[in-house]
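In what follows, residues are counted from 1 in the order of the sequence shown.
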Amino acid sequence: RQKNAALVNAEVAKRLATGETAHWLQLFAAADVLCAEVVNYAGFRATPQAVHLGVFREIDQPPYGSMPLARVPGGRADWPMTAAPHVGEHTLEVLAEAGLTELECAALIASGVAA
């Protein structure tokens, strides 16, 4: 199969083009073939499994408004889903955790090294 992969793939593609997706899904399901329809991003978000699992949560992301955010696969469903911080929103906290003084933080921000 590997040696003739291009030929096999071309023949499979040609055969699949002769029928509708629903036909092939029904045929493959009857033969216990693991398969799924190829969908775009919006289609994936709307699949029953993605909806059931709560893969996406809507968050308010200023200035864009409501946006879908995918949760980490296998992660907790109740994981806090919040908007991304603005540039520089947590700079002081991060620098303080790194051991810098307020004066050092102010100097980094004033010089443009940190935002």
*Would you find a donor on one side and an acceptor on the other, under 3.5 Å apart, between the side chain of Gln61 and the backbone of Ser66?*
no
*asked:* How about CD on Gln26, more than 12 heavy atoms from neighbouring residues, nucleotides or ligands closer than 6.0 Å, or not?
replied: no
Give the table of side-chain donor-acceptor pairs shorter than 3.5 Å for residues 41-51, with sequence neighbours excluded, one pair per line with atom names and distance.
{"residue": "Arg45", "atom": "NH2", "partner": "Glu58", "partner atom": "OE2", "Å": "3.0"}
{"residue": "Thr47", "atom": "OG1", "partner": "Phe44", "partner atom": "O", "Å": "2.9"}
{"residue": "Thr47", "atom": "OG1", "partner": "Ala50", "partner atom": "N", "Å": "3.3"}

*Hey, is the main chain of Ala115 close enough, under 3.5 Å, to the side chain of Thr91 for a donor-acceptor pair?*
yes
*Using a 4.5 Å cut-off on heavy atoms from C-beta on, say whether the side chain of Leu16 contacts that of Trp24.*
yes
*Could you tell me which non-hydrogen atom of Cys105 sits nearest to which non-hydrogen atom of Leu100, and how far apart they are?*
SG-CB, 3.9 Å
*Taking salt bridge (Lys or Arg N to Asp or Glu O under 4.0 Å) as the test, write out the residues that go with Lys14, two or more places apart.*
Glu11
*Do Val55 and Val39 belong together in a cluster built from hydrophobic side chains that touch within less than 4.5 Å?*
yes
*If you group Ile, Leu, Val, Met, Phe, Trp and Tyr by side-chain heavy-atom gaps below 4.5 Å, do Val8 and Phe28 land in one group?*
yes
*Which heavy-atom pair separates Glu37 from Thr21 by the least distance, and what is that distance?*
CG-CG2, 3.7 Å
Under 3.5 Å donor-acceptor pairs involving side-chain atoms of residues 92-99, not counting sequence neighbours:
none

